[in-house]
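Heavy-atom basis, side chains included; hydrogens, waters and symmetry copies ignored. Letters A, B, ... mirror the listed sequences (proteins, then strands); counts begin at 1.
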Amino acid sequence: MARPPPDPQFVLRGTSAAVHTLHFSCGGQEPDVPILFSGSENGFIHVWNLRTHRVDTALDGHGRKSVNWVETMDGKDRLLSQGRDQRICLWDLAEGRTSVTDCVFTENVGFCKCSLLEVARGRWLMAMAAKALEEIQVLELPSKTSVCTLKPEVGAKLGMPMCLKLWQVSCGSQPLLLAGYEDGSVVLWNLSMGKVLSQLVCHQEPVMSLDFDSEKAKGISGSSEKVLSIWSLNEQQNLQVHRTHRLVNAGISDITIRPDKKILATAGWDHRIRIFGWKKLKPLAVLDYHTATVHCVSFSDHRNPSERLLAAGSKDHRISIWSIYT
Amino acid sequence: VCFIPGGLDCSISFVSHILGKVCVHGRQEEILGVLVPHLTALTKADCIWQRICWQLVERVPDRWMEAVVLGFVQRAPGADVLSRLLGNLVVKNKKAQFVVTQKMLLLQYGYTTAVLQNLLGYLALDGLRRALLVKVLQELLETWGSSSAVRHSPVEQQQYISKAILICLSHLKEPDIESCRQELLASMMEGVKCHLDSSLPQVRRLGMVVAESISAKINSEGPVLKFQYEDDDEARELKSLLVQAPPLGAVPGPPDDGRNENTAAALALESSGTAVSGVVPEEESDAELDSDDDLVPYDMSEDKELKKTKAPVYIRDCIEVLTGSDDVDRWEATVKALESLVRKNPAAAREVSVELAKVLLHLEEKSCLEGFAELRQKAQVAVLTTDPVPVAQYLTSQFYSLNYSLRQRMDILDVLVLAAQELSHPKAHGKTKHPGAPNPCIQLLPGSDSSKDWRRIVDERIKSKTRRFAKGQSQAELPAAPNEFSSVAGHFFFPLIQNFDRPLSTFDLLGEDHFVLGRLVHTLAVLMYLAVNTVAVTAMGKALLEFVWALRFHTDSYVRQGLLSCVSSTLLSVPAECLLEDVTEELLETRSWLEDVVEKDPDGDCRRLALQNLLLMENLKKKLEPVPS
């Protein structure tokens, strides 16, 4: 007799707008408080204190335009946020400050979330959708120099890039980029040469989100249809479909694999969060709390595994925090 | 019998005479049983023996040729053996030609498929004989395509001819097809029309399979004809004839191009739109321990499809949505929920029953809803069982009204039967008593299987009346409940039987629409059967037997089968005493008709049903005879 699904550990209220992005920063030592950053549709970035469950600070830097991506650079004192005002802002949050220290104009009006990868101490690569329709630009931070611009070949008809993931096989090796496009294909790009290494059509509809496990060279992508597609990368750097999983309801907005690579969570348009085992995509749980589409899911980076949390942000203005399979 | 080999120029006409005489006297089996294997072995490699064999059969006098040829064709183990044994006999001898090309194919139909394969394969193997093959095919197609043959010849003969056609097709090569493509096409079109017009599903299916095969053969590159039909054993067996079977004991020959086209047509593979490049096969053996196993899944039974719109909760709202609303989602949700709503609120349903029945009868599929026909039918049955009398009156009057499609009229009949079934069975059990009672499964093709199932019910009822000496498992007694059908049986039955001979401008039961007449007759049979133990049953029986009498010489065999089922139902449902008292003249007339049918009717099923009815009548008589003291 299976147990009924668990309830959220707690629910964060107070954003008063749909939540589009979440990011945990809980790896710090005592007396650092575990923090959750959330970006909302009203342009605010809320910094949640996970001990008191209250907002510590609200950052307003995107002119009331929706924030669709937040990520920390090197601890919780530096935050990158991407908004629909076509800017990516770098925030300085140390010692209680809340100021934008730097800014990148993307000139892109899409919804594609950026991807950040630390390639060396103090150096990051950030991939973002560029001004032209099908292009992706990779910048080096903090210098903001353009590393490359990835243009698909003429006639490829991939459409807009929908989601990006920068990764490298191990620290110091070549960084690679996986991009999901509007036509349903996932493309592996080589950044140094700016060329396509492999392309795979995974879905009939646009790829909404993807995540990749660099240890196993296996990735998963979700789309607006009812299918989750799991694909793998073989030694020749070719993408192949591994299997597909059929869902009950169509539409996935976000997928994320837990850092320990044991489980993954998907955020669905049917208001439900689904948990699967990563090894064989065994369905483990369906968390049904939200009353509107769930926009984002994120796993925390607690050092102590038993404290790990899953956060889900939804259009119903709530962020639910779950403690599951710890 | 042994022959002296080598060099001798002997005359074997004497042997031919003996062979002929023996065969004509009916001893084909004995003599050919010995002769054919010997000759097969001897002629395998030796040309001289082949010549001897040919001479043997050629010298048989004409008056005995038929028996000999028949014997050889039946006994030869394969077409190539037959070719070795008979040589070009069919070309040289007129009688043999007649037997092989006309008699065995068109005038008789009792031979097995293997014999057909032998015969036609034999014709195909030699260049001289090929011309005969084409001629045979043309004649077969003429018969296949003639509408009077389709209507009047027994189904078994039609099957035989279809098999012969398919085997011929499998032997045809490109040059042959080239020369007669136009004629093949013309005959196919003619034939398909006659076959599809028939009321018997078997005949229709035969037509479809043969037409598909012909079109595949003559149109190997272009679009081929493709029908939708039940692909059961019979159809598969027919289609397998298109593939040339390998000669017995030899290496199988190269695949015929007929087979590739056939499988492509039959399987109708679709290439998927997405080019999924190479699927990595799932690794079965995971070398590492599956650490997923320690993650226990939670209960996910609540994970169902998200419903966007809710169905209306009140029946009047449902009517509004179905008649007016443009909102397709709401319409779909209503259609799905309607049956349960009607059943849960019988009082509310009764208020609007006729209106609801009207709406449902005219309801057309607005969106691509899965199982729409079934949902609609279930809702109609629910309405009819909740308020039988007015709704039955409405439906039966509509059956005979102007401007309904045939599909709608047949829907009315189906709904009446299903509702009658429901009403007449004790509700407490929830399921129907009889094994194999049909689950209303609607096929959107005309001629659903329900007619076969109804006959099966009657057969089983007959079976249950026969005495058994071993006791089966005792079934739990079903709790008794009042038979709700008894009060309304008449309302279902009599209006249907009243107006059948009045032609309307759009609907003529006795004329073209004989398919609907067949369905009507079957419906009446089932209603009669379900009316057992009701008050009106005797009156119904009398009326039904008169109805049967009026229609007894109908040309369509489907209708006749229905009429015979009506008679069975009457004999089973009306209590014997009432039958003999009130319905005597009709019974006697029916009996004489039944005896006629048993002897003279061309359709095998009709004859069988008539025989069953006569047996039932005999049983009745015996039951009522006073027991000798």
For this session: Determine whether A:I324 and B:Y298 make a side-chain contact, defined as any pair of heavy atoms from C-beta on separated by less than 4.5 Å.
Result: yes
Problem set entry | Over 12 non-hydrogen atoms of neighbours within 6.0 angstrom of NZ in A:K151 | no
For this session: Tell me, yes or no, whether the heavy-atom count around A:Q236 atom CD, taken from other residues, nucleotides or ligands under 6.0 Å, exceeds 12.
Result: yes
Exercise. Who passes ring pair (Phe, Tyr, Trp, His ring centres under 6.0 Å) against A:F276, sequence neighbours left out?
Worked result: A:H245
Problem set entry | Nearest heavy-atom neighbours spanning A:L284 and B:V296 | CD2-C, 4.4 Å
Exercise. Got a sec: does the NZ of A:K226 have more than 12 other heavy atoms crowding it under 6.0 Å?
Worked result: yes
Seminar exercise, completed: Okay, A:I275 and chain B: the region with an atom under 4.5 Å from a heavy atom over there is neither
Exercise. Does OH in B:Y314 sit with more than 12 non-hydrogen atoms of other residues, nucleotides or ligands closer than 6.0 Å?
Worked result: no
Problem set entry | Positive for side-chain contact (heavy atoms from CB on, under 4.5 Å) with B:M300, one of A:P4, A:P5, A:P283 | A:P283
Exercise. Measuring heavy-atom distances to chain B, does A:D270 have an atom under 4.5 Å in its side chain, in its backbone, in both, or in neither?
Worked result: both
